[in-house]
Amino acid sequence: MKVLNVAEKPSVARSIANVLSRDHRTEETKSPFNKLFKLDYKLRDLDVEMWITSVSGHLKNLKYPTKYQNWEKWDPIIILKEAEIENNISTDKQNLEQNLKNFAAMCSRLILWLDCDREGENIAFEVLEVCRESNPSIQVYRAHFSAVTQVDVRRALDTLKQPDENLSNSVLARQEIDLRIGASFTRFQTLLLQKQFNLSSIISYGPCQIPTLGFVVGRQKEIDSFIKEQFWFLQSEDDNKCIYNWEREHLFDEFIVALLFERCYQDNAKVINVQQKDVQKWKPYPLCTIEFEKLASKKLKISAHKAMELAEKLYNKGYISYPRTETNKFPPTINLQNIIRDQQNHPIWGDYANKLINSAFEYPKAGNKDDKAHPPIHPVKMMIENEAQNKQEWDIYQLITRHFLACCSKNAKGSETTITLQINDEFFSKTGLVIKEKNFLEIYIYDEWSQIQVPNYQCGEIIKIKLTLQKGSTSPPKPMTEAELIGLMDKNGIGTDATIHEHINTIQEREYAIKKGQIIKPTKIGLALVESYEILGFTLHQPFLRAVMEQRMNEVAQGKMEKSQIVQTTINEMTIILKQLQEKQNLIIKTFGQYLEALKNYDQDNNDDNDDNQNNNQSKLHTNQEDQINQNQQKTIKNNKMLKDKKSDDLPSLCQFCNSQCLTFKQLTGNSIKICPKLCQIQDDISQNALNQSKKNKDNCFLCNICQNFMKIRYSKIKQTNFLGCSSYPKCNQTIFLPDSVKTIKTIDRQCNKCKSTMFSIQFSENSNQVNQNSFFCLYPGCQQTIRADWKQNCKDQNQSNRGQNSEKLPFQPHAQNGNFKNKDSFSNQQKFPQKKN
DNA sequence: GCAAGGTC
């Protein structure tokens with residue numbers, strides 16, 4: 001009896017033949033790559049002749065009949081919804097079809113060895129259909145294997161199953177949906193925009209390529225709309241030039257950092273903790289395709305597309321294992337020691353391979369991905385440098401081999417020392433590292449682990465330090481690298497391990513994106529396309545459409561839904577979108593055109609390597625300053641919250657002016673101080689000291705709520721009345737007007753019991769409405785303790801009428817444009833006191 | 001001239 005075995009690719013067929021018998025015979029077929037191997041085998045007590053051959057991926061390809069070739073003639077809606085689709089054997093696969101027909105006719109059983117994934121299951125059905133055409137009675141079985149090893153192949157033959165039609169149908173659904181959507185949307189977009197804007201390339205749409213572009217555009221927009229924000233932080237440095245980082249990292253409020261700086265400023269710091277612990281740097285996971293592409297891009301500067309091309313060549317020459325694999329754990333059946341032994345005579349890493357064999361070997365970490373079809377990428381034959389066709393091929397082989405040897409090594413080991421310093425109530429730390437054993441790092445030149453020296457201090461020691469207040473600013477997001485894009489696509493399920501690099505290639509071929517070095521940026525066409533979708537409210541560039549598709553495929557694969565249902569539902573949804581696009585085509589042209597116009601210098605700027613995103617005005621189309629400011633405020637609030645959280649003594653402390661949560665600091669004396677994050681009010685020892693100082697000078701009343709200098713009673717010659725003005729005028733114009741009814745005013749040796757400010761004795765004119773014509777008042781802005789409602793109204797009116805009229809005559813008129821102090825506007829707007837300004 | 005997924 002003859003049994004026909006069909007694998008997805010030639011290498012698997014050869015491996016199966018090798019595993020089953022060393023004495024197999026090899027025959028040529030109609031396809032030069034796909035050999036036929038013959039061998040005798042005992043299959044479940046039956047003596048059979050095994051015929052083992054292969055296909056090369058899918059046999060069939062979905063396409064529209066030729067009558068739909070003319071794009072202008074057919075409404076894209078017809079293409080999407082109604083046009084029939086053919087699923088025929090591709091012309092380049094007809095020799096394989098012939099092979100299968102010929103072999104099947106001579107065999108009584110068929111064992112399908114296609115990869116154990118959805119696509120493999122679908123190819124299995126393509127194969128069995130062809131075989132049944134020539135031999136309708138052939139008995140069909142499906143082999144399930146997780147690696148082409150002795151154990152797995154024999155186990156598969158002992159546990160043959162039936163092919164799963166649901167899995168195959170899920171692929172058919174995906175194929176039809178992708179083709180219908182891709183063809184119809186591409187035709188619509190191209191016909192609408194290509195001539196109009198004189199574009200050379202077609203404006204394709206694909207459910208993987210456009211979300212890929214979406215990631216690239218998304219990053220560019222983040223960069224373009226970025227607004228730099230300043231922050232401040234403390235830093236301490238000891239005599240050994242060792243810099244200790246502030247535990248709070250940085251804050252966005254200069255005043256608070258300055259305050260903390262002042263409170264901490266001294267020459268000494270106490271070492272409060274010296275912690276030592278053993279640490280490891282983990283060796284890499286076994287290499288799957290995605291990781292391989294990322295590494296090639298990041299470490300070798302070889303694009304994912306090129307890397308796959310090179311890996312395929314190495315695979316075909318027998319140097320490495322199959323490079324398209326999702327698996328990042330080795331199956332227990334694979335003999336890793338043998339793979340290492342193959343490298344023992346290598347001129348570069350032979351010694352290292354020997355060391356692994358003799359003592360240093362450690363079983364690789366197991367990742368959590370397994371496609372059940374291929375092991376992680378590893379070397380299968382030793383290659384020395386001059387055997388490689390070029391440097392890039394050598395680099396790729398080297399990466400794969402070094403990565404494999406690293407996987408079979410031990411983690412690197414080190415010792416980490418963290419020194420924590422305390423200065424007043426602030427903490428600073430520095431972590432040092434001593435490497436004890438390099439282990440995998442000896443062979444894995446792509447990873448670094450640097451030693452960091454720290455001084456040898458004892459806990460409790462007082463050391464000399466230099467404390468500085470530093471300024472920094474936030475930086476824009478980094479441009480998208482190819483490795484990052486691969487990661488995003490993988491995470492969002494866009495494409496497969498075998499196709500991710502192709503989609504990245506496609507968006508470049510379509511001129512949607514351009515790659516310079518490892519950086520990938522959208523072109524103006526790419527930006528205009530995605531922006532148009534966004535403006536018109538479509539989410540075609542978002543990854544979740546693909547995720548929905550994936551979910552639906554799973555439902556078909558699990559038999560919960562019929563293939564036709566999923567196709568119908570998805571196509572109906574996309575028909576609604578396509579109809580809307582058609583209705584809005586004028587708007588699309590307009591929007592697309594506006595973007596192209598606005599971005600006319602964009603590509604050129606990109607080519608000029610203009611990475612200074614702050615200056616790239618051409619691309620700043622959607623900078624929403626208000627949003628950004630809100631974001632910044634959020635950040636400040638977040639930081640302030642952090643500040644508060646760390647030092648809170650759980651006392652409820654809301655600012656009496658703006659109701660914000662106050663920050664509470666503990667002093668060394670054990671007392672607490674509170675500061676409103678918006679600086680409405682400061683109640684701490686500093687202001688208290690200043691108030692005490694102010695008493696010594698009877699003209700000084702309290703600290704200016706904007707600049708913290710003294711407020712003084714002054715006299716306006718023009719208005720011939722008293723007012724309170726900041727002593728640092730003209731630097732600070734803070735002014736508190738008094739009602740006309742005030743006849744005399746003077747400070748008194750008494751503090752407001754609410755805000756602790758110096759109080760005033762005021763005498764009102766006889767004809768005023770004041771009930772009490774000689775009273776004590778607190779005039780501190782916003783303190784509501786003693787200020788009367790009619791006063792507020794009175795002064796407010798006065799300020800309103802003063803504004804803009806005789807400003808030169810009223811130099812003390814408050815205004816918001818001082819510029820020396822932060823948060824002044826928000827501060828002022830919170831004021832309930834009369835001199836509020838807008 | 002359209003998609004994405006296999007593969008050489």
Side-chain angles (χ1 to χ4, degrees), chain A residues 7-14 31-35 54-64 66 68-74 76 79-80 83 85 87 89-90 92-93 95-96 114-115 117-127 168 170-191 194-195 199-212 289 308-309 311-317 322-325 371 373-374 489 493-503 505-507 509-510 540 545-546 549-550 553 570-571 574 578:
Chain A
E8 191 161 316
K9 44 192 156 279
S11 63
V12 173
R14 181 182 295 277
S31 165
F33 299 109
N34 307 79
K35 313 284 183 203
S54 59
V55 288
S56 292
H58 282 285
L59 290 170
K60 291 179 164 183
N61 193 31
L62 235 51
K63 63 175 191 158
Y64 287 100
T66 45
Y68 295 108
Q69 260 176 3
N70 186 339
W71 288 22
E72 271 88 4
K73 194 173 155 192
W74 297 93
I79 299 296
L80 175 61
I85 290 176
N87 194 12
I89 307 277
S90 321
D92 59 337
K93 301 292 169 64
N95 49 3
L96 287 174
L114 291 304
D115 292 355
D117 52 23
R118 282 193 300 227
E119 295 295 331
E121 209 66 19
N122 180 255
I123 301 170
F125 276 85
E126 292 177 357
V127 170
S168 172
S170 74
V171 172
L172 289 175
R174 197 264 310 145
Q175 289 174 339
E176 183 171 344
I177 290 168
D178 284 351
L179 177 62
R180 287 189 183 277
I181 296 172
S184 56
F185 279 68
T186 299
R187 289 179 181 205
F188 168 75
Q189 291 184 166
T190 305
L191 292 176
Q194 194 180 41
K195 275 187 197 152
L199 303 172
S200 52
S201 178
I202 57 165
I203 319 295
S204 64
Y205 176 86
C208 286
Q209 53 178 267
I210 294 300
T212 303
T289 304
M308 282 312 287
E309 198 183 297
E312 272 155 28
K313 272 189 189 154
L314 285 168
Y315 160 71
N316 287 324
K317 288 194 275 185
Y322 189 64
R324 286 190 277 263
T325 171
D371 62 14
H374 317 95
M489 293 172 74
I494 304 298
T496 68
D497 54 308
T499 61
I500 276 180
H501 69 274
E502 287 176 6
H503 301 308
N505 208 41
T506 303
I507 61 171
E509 279 177 2
R510 297 281 184 260
L540 293 164
L545 280 183
R546 196 64 182 168
M549 176 72 213
E550 190 68 21
M553 271 181 82
T570 311
I571 295 302
M574 294 310 283
L578 186 56

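In what follows, every chain begins at residue 1, and chains take the letters A, B, ... in the order their sequences are listed.
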Legend entry - Stacking of A/Trp71 on B/dG1 base (centres under 5.5 Å, planes under 30°): yes
Legend entry - Residue A/Glu119, side-chain atoms from C-beta onward, closest of B/dA3, B/dT7, B/dG6: B/dG6
Inset, instruction - Assign A/Gln209 to base, sugar-phosphate, or nothing according to its heavy-atom contacts below 4.0 angstrom with the strands shown. - result: sugar-phosphate
Legend entry - A/Lys60 NZ to B/dA4 C1', straight-line distance once rounded to whole Å: 17 Å
Inset, instruction - If the plane angle is over 60° it's perpendicular, under 30° parallel, otherwise tilted; pick one for A/Tyr315 and A/Tyr322. - result: perpendicular
Inset, instruction - With heavy atoms under 4.0 Å as the rule, sort A/Glu121 into base, sugar-phosphate or nothing. - result: nothing
Legend entry - Sugar-phosphate only, base, or nothing, as touched by A/Phe188 at under 4.0 Å among non-hydrogen atoms: nothing
Legend entry - Sugar-phosphate, base or nothing in reach of A/Asp115, heavy atoms under 4.0 Å: sugar-phosphate
Legend entry - Side chain of A/Lys9 - closest among B/dT7, B/dG1, B/dG6: B/dT7
Inset, instruction - Take the protein atom OH of A/Tyr315 and the nucleotide atom C1' of B/dT7, then report the distance between them rounded to whole Å. - result: 9 Å
Inset, instruction - Assign A/Pro32 to base, sugar-phosphate, or nothing according to its heavy-atom contacts below 4.0 angstrom with the strands shown. - result: nothing
Inset, instruction - Select base, sugar-phosphate, or nothing to describe what A/Thr186 touches, counting heavy atoms under 4.0 Å on all strands. - result: sugar-phosphate
Legend entry - Which nucleotide in B/dT7, B/dC8, B/dG5 has an atom nearest any side-chain atom of A/Arg546: B/dG5
Inset, instruction - Look at A/Arg324 together with A/Glu502 and state whether they make a salt bridge at an N to O cut-off of under 4.0 Å. - result: no
Inset, instruction - Would you mind classifying the nucleic acid contact of A/Gly120 as base, sugar-phosphate or nothing, using non-hydrogen atoms under 4.0 angstrom? - result: nothing
Inset, instruction - Please state how far atom CG in A/Leu179 lies from atom C1' in B/dG6, giving the value in whole angstrom units. - result: 16 Å
Inset, instruction - Rounded off to whole Å, could you give me the CD1-to-P distance for the A/Ile494 and B/dA3 pair? - result: 15 Å
Legend entry - A/Asn122 vs A/His58 side-chain heavy atoms within contact, under 4.5 Å: yes
Inset, instruction - Indicate, with a heavy-atom threshold strictly under 4.0 Å, whether A/Asn316 touches base, sugar-phosphate, or nothing. - result: sugar-phosphate
Legend entry - Distance, rounded to the nearest Å, where A/Leu96 contributes CG and B/dT7 contributes P: 13 Å
